[in-house]
Amino acid sequence: MNNIDFQERLLAWYDNNKREMPWRDCGDPYKIWISEIMLQQTRVDQATPYFHRFMERFPTVESLAKADQQEVLKVWEGLGYYSRARHLHDASKLVAEEFDGTVPDNWDDITELKGVGPYTASAILSIAYQKQHAVVDGNVIRVLSRYLGIENDVRKTATKNAIQEAADERIPEERPGDFNQAVMELGATICTPSNPDCEGCPLQAGCVAYKKVKTEEIPYKSPAKKRPHHQIGVGIIMNEDEEVLIALRPEDAMLGGMWEFPGGKQEEDEDMEETVARELNEELGVEVAITKPFMKLDHAYSHFKITMHAYLCELENGTPSPNTSQEVRWISIDELEDYPFPKANRKLTKKLMNIDKGQQELEI
DNA sequence: CACTCGTGGGA
DNA sequence: TTCCCAAGAGT
């Protein structure tokens with residue numbers, strides 16, 4: 001199958017089978033930019049409700065640029081990879097100030113935006129501005145590795161580079177944005193990781209993996225490393241005014257800009273109560289008494305897993321003063337919902353808020 | 001180049 | 001339960 005057939009079959013299939021998406025075929029570079037950032041390592045169904053809330057709160061580049069980072073992170077809460085939100089916010093300021101509020105339409109300018117790498121630059125330029133840049137994402141890697149019969153490890157950068165070249169050779173001058181979206185749509189709905197629907201695929205006639213019956217072997221991916229599992233102890237410190245102490249995670253750390261209950265990793269031969277007392281002493285310079293266990297939960301981050309043990313605590317001695325420049329704050333239970341918390345900590349705040357409303361008794 | 005960085009759904 | 005992995009970028 002030559003490039004013309006490849007393009008025509010793919011685009012015809014796309015025209016008849018593409019899913020509706022709130023940012024699709026809108027022609028608005030701002031909406032396309034936001035959607036592409038949200039869609040990084042994120043499924044359409046997961047990003048869609050966030051996209052609606054984001055556009056409602058930040059309908060323009062200027063409104064986003066003027067917003068507080070905390071407000072942006074609050075809208076992003078639960079979507080994960082929070083550096084995307086911080087970088088997007090920073091980039092919006094650059095667009096507002098240096099690009100007159102218009103998303104750049106060329107490679108050199110758009111790649112100056114934080115959070116815009118090769119994929120996102122190509123996606124925005126092709127979809128919003130009809131520029132001939134081929135995207136390579138997980139879908140394209142799967143579709144093209146199967147179609148071309150590439151059996152090399154797709155985790156390797158060299159393999160991805162080869163697929164980028166293959167995509168560059170096939171991106172048409174006409175409808176480059178639709179072509180890119182078509183490959184990704186095919187990968188998401190037909191050429192799926194397991195049990196691909198080869199009978200419904202417009203590219204079956206030229207597909208090497210199909211011909212060799214190797215769709216389960218291609219793409220080859222070297223085994224992932226096992227994620228370590230840590231035990232984490234955190235303290236929910238209450239004061240006489242029914243306030244709770246929360247801490248802001250540093251900008252350059254994991255979950256940067258998000259709030260949490262202070263705590264840390266359990267060390268060897270250490271009781272979990274000891275862990276919490278030690279961590280709060282090291283981080284905040286205070287002595288606490290463990291009142292009672294509050295909640296235990298499992299959570300998986302991108303590259304490690306935790307069991308979080310939360311304890312209600314009372315301040316025995318000292319005033320919380322972080323040894324780093326990390327900010328801490330006493331807030332009422334009602335205010336917890338106004339702050340951006342990552343998933344595991346949000347589970348704790350929900351239980352606190354439920355108890356506070358008297359809807360649930362404390363389980364020990 | 002290899003590693004870090006969230007979350008949710010499906011096998 | 002456990003693992004995979006999904007419209008990647010920054011370091």
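Protein chains get the first letters and strands the later ones, always in sequence-line order, with residue 1 at the start of each.
- Taking only side-chain nitrogens and oxygens, T157(A) comes nearer than 4.0 Å to OP1 or OP2 of dC1(B).
- Listed pair H87(A) / dA9(C) fails the phosphate criterion, with no side-chain N or O lying under 4.0 Å from OP1 or OP2.
- Atom name P, nucleotides dT2(C) and dC5(B): the rounded distance is 23 Å, in whole Å.
- Contact check, R142(A) against dA6(C): a side-chain N or O comes under 4.0 Å of OP1 or OP2.
- Using modelled atom types, no side-chain atom of K214(A) and backbone atom of E151(A) make a donor-acceptor pair closer than 3.5 Å.
- A distance of about 16 Å separates the P atoms of dT4(B) and dC4(C), rounded to the whole Å.
- dG9(B) and dA9(C) have their P atoms separated by 24 Å, with the value rounded to a whole Å.
- Separation of the C1' atoms belonging to dT1(C) and dG8(B) is 16 Å when rounded to the nearest angstrom.
- Atoms CE (M308(A)) and P (dG6(B)) sit 13 Å apart, rounded to a whole Å.
- Sequence order on DNA chain C of the closest nucleotides to E36(A) and P223(A) puts P223(A) first from the 5' end.
- Residues forming a side-chain contact (heavy atoms from CB on, under 4.5 Å) with Q40(A) (at least two apart in sequence, or on another chain): I37(A), R84(A), T120(A).
- For the pair K292(A) and Y311(A), the cation-pi test (distance below 6.0 Å, angle within 45°) is failed.
- Side-chain proximity of V44(A) to the nucleotides dG6(B), dC4(C), dA7(C) is greatest for dA7(C).
- In this structure, the OH atom of Y220(A) is 15 Å from the C1' atom of dC4(C), given to the nearest Å.
- With D100(A) contributing its side chain and T102(A) its backbone, the two residues share no donor-acceptor pair below 3.5 Å.
- Closest to the side chain of Q40(A), out of dG9(B), dG8(C), dA7(C), is dG8(C).
- Neither OP1 nor OP2 of dA9(C) sits under 4.0 Å from any side-chain N or O of K114(A).
- One can find a donor-acceptor pair under 3.5 Å joining the base of dG6(B) and the side-chain atoms of T42(A).
- Here dG8(C) is the nucleotide among dC3(C), dG6(B), dG8(C) with the atom lying nearest to any side-chain atom of T120(A).
- Side-chain nitrogen and oxygen atoms of H303(A) include none within less than 4.0 Å of the OP1 or OP2 phosphate oxygen of dT4(B).
- Y81(A) contributes a side-chain N or O that forms a donor-acceptor pair with the base of dG6(B) under 3.5 Å.
- Checking the phosphate oxygens (OP1, OP2) of dC1(B), no side-chain nitrogen or oxygen of K160(A) falls inside 4.0 Å.
- Side chain of D137(A), nearest nucleotide from dC3(C), dG8(C), dT7(B): dG8(C).
- No side-chain N or O of H230(A) forms a donor-acceptor pair with one of Q266(A) less than 3.5 Å apart.
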